Undergrad: 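Mind looking over this structure? Questions follow.
Everything numeric here is computed off the predicted structure, so don't read it as measured data. Start at 1 and go down the list; that is how both ligands and their atoms are numbered.
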Amino acid sequence: MERDFFQHVGIQAPVGPTRHCKGWGQEAALRMLMNNLDARVGENPQERIVYGGRGRAARSWPAYDKIVESLLTLENDETLLIQSGKPVGIFKTQPQAPRVLIANANLVGKWATLEEFDRLEKQGLTMFGQMTAGSWIYIGSQGVIQGTFETLAALARKHFDGTLKGRLYVSAGLGGMGGAQPLAAKMLDGVALIAEVDAKRIQKRLDTGYLDVAYDSIEAAVSRALAAKQAAESLSIGVHCHANALLHYLITNQIIPDVLSDQTAAHDPLIGYIPDELDVSEALSLRHADPVDYLQRARRSIAHHVQNLLQLQKAGAHTFDYGNNIRREAFDQGVTDAFDIPGYVPAYIRDLFNQGKGPFRWAVLSGKPEEIYQLDALALEMFGDNPLLTRWFTLAQKYIHFQGLPARIAYMGLGERDAFATKVNEWVAQGVLSAPVVFGRDHHDTGSVASPYRETEAMRDGSDAIADWPILNALLNTASGAHWVSFHHGGGTGIGYALHAGAVVVADGSEDSAGRLSRVFFNDPGIGVIRHADAGYDLATQTMKAHEDRMRAPFVGPNTNIPMI
Ligand code: NAD
């Protein structure tokens with residue numbers, strides 16, 4: 001039967017070696033767009049919401065249809081332009097240029113507020129693309145799980161004996177990204193107890209193997225968690241309640257978690273955070289009927305939430321902000337000590353960025369899970385001496401269920417990403433794999449983001465808010481020939497707080513792909529290493545020096561105060 005590419009319910013990407021577009025660049029973009037809107041993958045495909053509050057893949061259904069139509073007819077020397085989820089132009093460029101260029105949610109500095117964004121979104125002029133939603137490289141909760149795992153592993157090394165065995169991790173939010181928390185804690189042998197206000201989200205995590213059990217009663221959930229901790233059993237528990245209700249219960253009963261965080265979508269208090277007094281359907285009604293009242297309630301609850309986190313932190317819980325800007329929202333409500341909670345990037349992740357390591361990922365367009373396992377084996381063969389990767393692949397195979405197109409994430413570093421992708425391209429050419437493989441990454445990476453409350457928090461040279469780097473990253477990846485390149489505003493920490501870029505290349509076995517893969521996946525982490533070396537990180541300078549045959553950093557000298565004239 002002929003496939004209907006324009007249906008809006010039950011979207012699933014085509015799989016296998018037969019192309020519907022005129023080239024694999026276009027075909028990969030089409031399949032990954034559809035994969036983002038697959039109900040097994042995205043959080044709320046009916047509204048084109050993929051994850052992260054209101055992170056969307058397309059602005060409207062007519063815009064989606066036109067993107068699909070454009071990709072199906074796009075020539076191999078043309079480039080499609082997407083402006084905040086809507087296709088706006090097709091230009092003759094050249095065969096090695098990107099097939100798609102995407103800009104989402106960008107606003108001029110003075111106008112970069114959530115209120116102004118909401119106003120423009122209501123007029124149909126813009127769309128929030130989060131990081132991988134509007135750039136069509138979301139792969140379900142798996143996309144963040146290694147980051148969560150590495151964060152908790154670094155924390156466990158710093159504060160415990162390297163594992164979470166016999167430790168209790170408490171947090172909230174079981175959405176697209178937050179849903180990775182319980183499984184990551186379990187992979188480190190710990191007990192996870194996560195509050196989630198939406199029963200449907202709890203069910204999705206149970207269905208996809210990210211959660212073991214769930215309770216409606218806080219008392220029952222806490223008692224099960226404490227029993228598991230006592231028995232050093234690894235277990236993930238969801239509890240159907242507001243974050244503040246769980247935290248209040250813990251405080252009242254003097255139960256201090258070993259590790260504490262939060263992953264509600266507090267970066268977007270209007271859509272991503274449900275105020276204490278409201279259930280999910282009441283929240284939906286009030287959000288539409290009186291957004292000003294809603295925002296006041298949400299911000300009050302967020303302030304209370306951070307006060308609760310601070311109270312438990314003072315009582316001994318190792319507490320960290322997990323990239324949802326909850327500290328800043330609370331600070332703006334008068335919680336002046338909100339930043340006593342450390343951010344996870346400076347605390348646990350920056351050394352990975354110094355080595356060009358970040359959430360690299362791939363999806364097999366064959367749709368065959370066994371081809372992911374073949375690629376796992378290849379990665380283990382190529383990087384058997386890298387303990388971070390060997391441990392990760394073993395755990396990923398044991399615990400991770402695929403959602404939509406089978407995919408894998410791996411924190412590969414400079415020199416590893418391009419080597420691996422190039423080898424996979426050879427495998428596609430030789431027929432070892434039955435269809436092409438898409439390679440991309442989160443915007444949450446070493447050289448692709450400026451976000452002062454997350455990826456670039458507390459940079460050594462104070463360059464947290466310098467946003468030239470992600471712009472250079474997008475330009476470099478365009479010059480290097482990524483199949484699609486994106487530049488977004490507001491992902492992770494919200495409107496006004498982040499600018500970031502993405503790049504994707506498909507390995508179709510051709511010489512053309514080989515060139516793109518080796519350029520993009522060396523240069524892309526390369527600029528991240530240079531960004532960190534420029535900021536004064538010795539580990540980044542060492543990484544850069546080890547790759548001087550492929551990139552050079554003209555050294556001007558340390559960044560010092562330059563006179564105005
Ligand atoms: P999401 O919108 O898919 O999920 C948020 C979840 O929080 C929802 O399930 C919602 O019901 C729940 N929630 C809202 N208010 C609540 C409350 N008061 N109590 C309990 N649960 C509540 O968002 P997501 O994709 O899971 O992302 C979560 C946050 O993490 C976002 O702010 C996002 O920007 C950030 N993020 C962090 C990383 C990272 O690597 N650290 C990566 C991506 C996103």
Undergrad: With a heavy-atom distance limit of 4.0 Å, tell me whether Met177 approaches ligand 1 through its side chain, its backbone, both, or neither.
TA: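 Both of them.
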Undergrad: For ligand 1, is Gly53 a contact, meaning one of its heavy atoms is under 4.0 Å away?
TA: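 Distance cut 4.0 Å: Gly53 passes for ligand 1.
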Undergrad: Ignoring angles and geometry beyond distance, decide whether Asp198 reaches within less than 3.5 Å of ligand 1 through its nitrogen or oxygen atoms.
TA: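 In fact, backbone or side chain, Asp198 has no N or O that close.
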Undergrad: Below 4.0 Å from ligand 1: does a non-hydrogen atom of Cys241 turn up there or not?
TA: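 Under 4.0 Å: yes for Cys241.
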Undergrad: Under 4.0 Å from ligand 1, counting heavy atoms only, is it the side chain of Val144, its backbone, both or neither?
TA: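 Within the 4.0 Å criterion, Val144 contacts ligand 1 through side-chain atoms alone.
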Undergrad: Are any of the N or O atoms of His242 closer than 3.5 Å to those of ligand 1?
TA: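 Checking ligand 1 against His242, no N or O pair falls under 3.5 Å apart.
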Undergrad: Classify the contact between His305 and ligand 1 as side chain, backbone, both or neither, using a heavy-atom distance cut-off of under 4.0 Å.
TA: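 The answer is neither.
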Undergrad: Do Asn324 and ligand 1 have an N or O pair less than 3.5 Å apart?
TA: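 No.
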Undergrad: Tyr210: which residues meet the side chain to side chain donor-acceptor pair (under 3.5 Å) condition with it, sequence neighbours left out?
TA: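 Scan of Tyr210 (side chain to side chain donor-acceptor pair (under 3.5 Å), adjacent residues dropped) gives none.
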Undergrad: Look at ligand 1 and say whether Arg54 reaches it with a heavy atom at a distance under 4.0 Å.
TA: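 No, that is not the case, since the closest heavy atom of the residue is not under 4.0 Å from the ligand.
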Undergrad: Which ligand 1 atoms, with their elements, are less than 4.0 angstrom from a heavy-atom of Gly272?
TA: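 Taking each heavy atom of Gly272 in turn, ligand 1 has 14 (C), 15 (N) under 4.0 Å.
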Undergrad: Should Ala243 be counted as touching ligand 1, given the test is an N or O pair under 3.5 Å?
TA: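 Yes, Ala243 has an N/O under 3.5 Å of an N/O on ligand 1.
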Undergrad: Quick test of your reading of the model: are Glu43 and Arg205 salt-bridged, counting only N-O distances below 4.0 Å?
TA: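 So Glu43 pairs with Arg205 through a salt bridge.
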Undergrad: Any idea which atoms of ligand 1 are less than 4.0 Å away from a heavy-atom of Tyr344?
TA: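 Listed by number with element, the hits are 39 (C), 40 (O), 41 (N).
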Undergrad: Glu43 to ligand 1: N or O pair under 3.5 Å?
TA: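 No - when backbone and side-chain N and O of Glu43 are compared with those of ligand 1, no distance drops under 3.5 Å.
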Undergrad: State whether Glu457 and Arg327 are salt-bridged, where the test is any N-O pair (Lys NZ or Arg NE/NH1/NH2 against Asp/Glu carboxylate O) under 4.0 Å.
TA: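 Looking at Glu457 and Arg327, the cut-off is met.
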Undergrad: On the six-membered ring of Phe160, is Arg167 placed so that its NZ or CZ lies under 6.0 angstrom from the centre and within 45° of the ring axis?
TA: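 The answer is yes; both the distance and angle limits are met.
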Undergrad: Closer than 4.0 angstrom: is that true for some heavy atom of Met131 and an atom of ligand 1?
TA: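 False for this residue.
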Undergrad: Does Glu150 pair with Arg391 as a salt bridge, N-O distance under 4.0 Å?
TA: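 Yes.
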